[in-house]
Every structure is written in C-alpha cells, then in structure tokens.
Protein chains: 2
Amino acid sequence: MAQQHDTFTIGEVAARTGLSVHALRYYERQDLLVGPVGRTSGGRRAYTAVDVEWLHHCVKLRESGMPLADLTRLAALVRRGPGNEGERLEILEEHLRRVKAQIRALEDSRALIEWKVDVYSDQLRAGSAVGLWDPTRGDDGPPD
Amino acid sequence: MAQQHDTFTIGEVAARTGLSVHALRYYERQDLLVGPVGRTSGGRRAYTAVDVEWLHHCVKLRESGMPLADLTRLAALVRRGPGNEGERLEILEEHLRRVKAQIRALEDSRALIEWKVDVYSDQLRAGSAVGLWDPTRGDDGPPD
DNA sequence: CCTTGATCTAGAGTCCGCTCTAGATCCTAG
DNA sequence: CTAGGATCTAGAGCGGACTCTAGATCAAGG
C-alpha cells in the first residue's frame with residue numbers, strides 16, 4: 001500500500017501540487033522543470049521528490065503572478081548550476097517589486113470597494129431608492 | 001484651446017483613463033458602459049463626464065481583478081436604475097472577498113520570495129557558490 | 001482645396017495558460 | 001486473461017482581454 005515513494009506518478013504529483021496532469025505535461029514542454037523527468041521502463045514519467053518540491057515553488061510563484069516565461073528562465077539558471085545566483089536574484093527581486101505593487105493596488109481597490117459597499121448598505125438600510133452610480137446624477141468618489 | 005469639455009473624444013478618454021481607444025470600443029461592445037455613448041453629427045463618440053467617471057471605476061475594479069463579465073453585470077444593474085442596490089452589493093462584496101484573499105495570498109508569496117532573496121543575497125555576499133534550488137542537493141523551504 | 005491625423009466599423013489575430021481530444025499503450029485487480 | 005483506469009504523444013481548442021488591420025469617413029490647419 002504505502003510505497004517507497006522515491007518517485008511519483010504524474011497523477012500523484014498532480015494531487016500533491018494542485019496542478020492538473022495536463023498542466024504538468026505542459027509545464028514540462030515549457031521547460032520549467034530543473035531537469036529531465038525520469039521515465040519508468042514503460043515510458044511513464046517518474047518524478048523525484050526534488051521535482052515535486054520545485055513544482056511546489058513554481059505553484060507558489062505562479063500564484064503570485066509570476067509568468068511561466070520567468071519560471072522557465074529561472075529553471076534554466078538552476079539547471080545550469082551554481083554560479084548564476086545574481087541572475088536568479090534579479091528575477092526574484094523584480095518579481096518581488098511587482099508583487100508589492102500589486103498588493104498596494106489591491107489595497108487601494110479594497111478601500112474603494114469597501115467604501116462603495118458601505119454606501120450601498122447605508123442606502124439600503126435607509127430604504128433610500130437613490131443609488132450610487134446613477135448615471136443621471138453623477139457620483140462622488142471616496143474622499144481620498 | 002480649453003474647451004467646454006461637456007463631452008470628450010475617444011482619444012481624450014483614452015488619455016484620461018489609461019485605456020486604449022481599442023479597449024474603449026471593445027468595452028462598449030461588451031456593454032459595460034452605463035448608457036449608450038453619445039455621438040457627434042459626424043458619428044464620433046462623445047463621452048460625457050459621467051461616462052469617464054464610470055470608466056475610471058471600471059479601471060479600478062479591473063486592476064483589482066474583477067472580470068469584464070462582472071463589470072457588464074454591474075453596468076446592467078446601474079443602467080436599470082435604482083432599486084437593485086442589493087444585487088450590486090452582492091457583486092461588490094463577492095469581489096471584495098476575492099480581493100482580500102488575493103492580498104493574503106500575495107503577502108504569503110511576498111514572505112516566501114523575500115526569504116529566498118535574502119538567502120541568495122547572503123550566499124552571494126559570502127561568496128558561496130552553492131546555490132539554493134540546486135537540484136542535486138535538495139532545498140529547504142522557509143520555516144513556516 | 002488638400003493633406004494629415006483622428007475616428008469609424010467589422011472582423012481577424014495575439015498572447016497566456018491551460019484544457020481537451022484521439023488513438024495507442026501500460027498496468028493492476030479480479 | 002481481461003477489463004478498467006492511468007498514462008502516453010501530438011496537436012487542436014478555448015476563454016479572457018485585448019490589439020491590430022483594412023478601408024472608409026470626418027475634421028482642422030495651411
């Protein structure tokens with residue numbers, strides 16, 4: 001029942017990473033694995049724990065919006081081995097800047113939406129039928 | 001020089017909203033304006049200040065990841081006039097939940113990336129050639 | 001009047017990130 | 001041995017959000 005799990009089938013990796021088997025094969029075609037995936041005698045993919053771990057990183061970075069192309073570049077650097085940490089760092093730092101900017105943008109939006117939601121709620125509570133965003137009346141933005 | 005600006009050309013609106021003129025026409029086709037855009041005698045679009053303001057809202061909501069389809073729904077509700085604030089509220093609140101979740105996810109990612117960046121920097125500073133994500137050695141994640 | 005640039009419409013094309021299909025092969029339980 | 005499910009490859013298809021093209025029209029300056 002419990003295997004050694006020195007390797008994993010594509011289905012197991014899918015279950016562990018949340019990626020679909022289709023996506024896993026696609027990622028491989030896009031060269032974003034750090035090395036060629038092993039194969040069983042029968043030709044099936046046999047992922048190692050390292051592969052799975054790398055894929056977990058990929059998932060995390062994708063979740064924060066890193067494009068596959070960047071992941072591919074990063075994988076290429078890792079594949080080439082030590083000595084290019086500076087380049088890897090650049091990719092990560094640039095991505096970090098984007099993530100921070102995205103967080104700021106989202107927080108701005110959150111403020112706007114919360115304000116809108118508040119106004120709608122107040123209007124509903126007051127039984128007022130005069131909505132915001134009434135194109136015939138105009139509308140004030142939040143006091144920022 | 002300075003016009004009345006009771007209306008705006010599509011180019012002016014593009015400049016003001018950051019959307020391309022193509023995108024503006026596309027948005028119109030997707031029915032996400034709160035009313036039909038006026039036209040000049042010559043057939044050109046003449047946006048009102050209200051249109052522009054609505055488009056600003058759209059941009060904000062898009063920036064926070066609201067799909068065009070939701071914007072279209074919202075526009076339809078606004079177009080129908082007062083009386084459906086509850087439905088508008090639902091759309092906004094659902095979006096707000098997504099935005100909050102997205103902020104949380106991004107902050108998690110930020111922590112991970114910052115940690116990675118730190119480790120790379122340390123390694124570079126130390127002159128160490130042994131990189132993280134060395135597929136031949138395995139790699140520990142951050143202590144979460 | 002004429003040129004130049006902005007705008008018009010309809011529809012095709014692009015990019016991203018998958019997702020799905022078809023037809024073949026492999027593996028495991030009964 | 002057989003049936004069923006998981007996997008394989010190559011390649012087509014898709015949804016979202018634009019972006020671009022072609023060919024025509026409109027508008028303002030010289």
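In what follows, every heavy atom counts, from backbone to side chain, and hydrogens, waters and symmetry copies are set aside. Remember, it's a predicted structure, so these values are computed and weren't measured experimentally. So you know, we letter chains A, B, ... as the sequences are listed, proteins then strands, and number each from 1.
Residue B/Pro67 comes nearest to B/Arg98 through the heavy atom pair CD-NH2, 3.8 Å, listed as atom of the first residue, atom of the second, then distance. Nearest approach of B/Ser64 to B/His95, heavy atoms of both residues: OG-NE2, 2.9 Å. Closest non-hydrogen pair, A/Ala14 versus A/Val21, comes out as CB-CG1, 3.9 Å.
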Could you walk me through whether A/Lys100 and B/Glu107 pass salt bridge (charged side-chain N to carboxylate O under 4.0 Å, His left out), step by step? CA-CA 8 Å; A/Lys100 285 178 176 170; B/Glu107 272 166 354; over 6 Å; no

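Atom-to-atom, CG of B/Leu55 to P of D/dC18 comes out at 12 Å; the value is rounded to the nearest Å. When the C1' atom of C/dG17 is taken as reference, atom CG of A/Leu61 falls 16 Å away, rounded to whole Å. Rounded to whole Å, the distance from CZ on B/Phe8 to C1' on C/dT7 is 18 Å. The nearest whole Å value for the distance from the CG atom in A/Asp70 to the C1' atom in C/dC15 is 15 Å. Put simply, OH on B/Tyr26 is 6 Å from C1' on D/dG16, counting in whole angstrom units. Distance A/Glu28 CD to D/dA10 P: 11 Å, rounded to the nearest Å. Taking atom CD of residue B/Gln30 and atom P of nucleotide C/dA10, one finds them 14 Å apart after rounding to whole Å.
Judged by distance alone, with hydrogens and angles left aside, the side-chain atoms of A/Thr72 form a donor-acceptor pair with the main-chain N or O of A/Gln30 at under 3.5 Å.
B/Glu93 has no carboxylate O lying under 4.0 Å from a charged side-chain N of B/Arg97, or vice versa, which leaves the two without a salt bridge.
When heavy atoms are screened at a 4.0 angstrom cut-off, A/Arg25 is found touching base atoms of the nucleic acid.
Along DNA chain D, the nucleotide nearest B/His22 and the nucleotide nearest B/Gly42 are compared for position; the residue whose nucleotide lies closer to the 5' end is B/His22.
For A/Arg45, the side-chain atoms get nearest to D/dT9 when compared with the rest of C/dC18, D/dT7, D/dT9. Comparing atom distances between the B/Ser20 side chain and each of D/dC8, D/dT19, C/dC18 picks out D/dT19 as nearest. The side chain of B/Arg39 has C/dT9 as its nearest neighbour among C/dT19, C/dT9, D/dT19. When the nucleotides C/dC18, D/dA27, C/dC8 are ranked by their closest atom to the side chain of B/Ile10, C/dC8 comes out on top. With C/dC18, C/dT7, D/dT19 as the choices, the nucleotide that has an atom nearest any side-chain atom of A/Leu68 turns out to be C/dC18.
Evaluation of the ring-ring contact (aromatic ring centres under 6.0 Å, His included) rule for B/Tyr27 yields no partner, not counting sequence neighbours.
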Pairs under 3.5 angstrom only: tabulate donor-acceptor contacts from the side chains of residues 35-52 of chain A to other protein residues two or more places apart or in another chain.
| from | atom 1 | to | atom 2 | distance (Å) |
| --- | --- | --- | --- | --- |
| A/Arg39 | NH1 | A/Gly43 | O | 2.9 |
| A/Thr40 | OG1 | A/Gly42 | N | 3.2 |
| A/Thr40 | OG1 | A/Gly43 | N | 3.4 |
| A/Thr40 | OG1 | A/Arg44 | N | 3.1 |
| A/Arg45 | NE | A/Glu28 | OE1 | 2.5 |
| A/Thr48 | OG1 | A/Val50 | N | 3.4 |
| A/Thr48 | OG1 | A/Asp51 | N | 3.1 |
| A/Thr48 | OG1 | A/Asp51 | OD2 | 3.1 |
| A/Asp51 | OD2 | A/Thr48 | N | 2.9 |

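Residue A/Arg29 places no side-chain N or O under 4.0 Å from the OP1 or OP2 atom of D/dT9. In terms of phosphate contacts, B/Tyr27 brings a side-chain nitrogen or oxygen within less than 4.0 Å of OP1 or OP2 of D/dC18. In this structure, B/Thr9 does not reach the C/dA6 phosphate: none of its side-chain N or O atoms is under 4.0 Å from OP1 or OP2.
Rounded to 10 degrees, the angle separating the terminal helix axes of the helix from C/dC1-D/dG30 to C/dG30-D/dC1, each built from five base pairs, is 0°.
For A/Arg44 against D/dA6, a side-chain N or O and a base N or O form a donor-acceptor pair under 3.5 Å.
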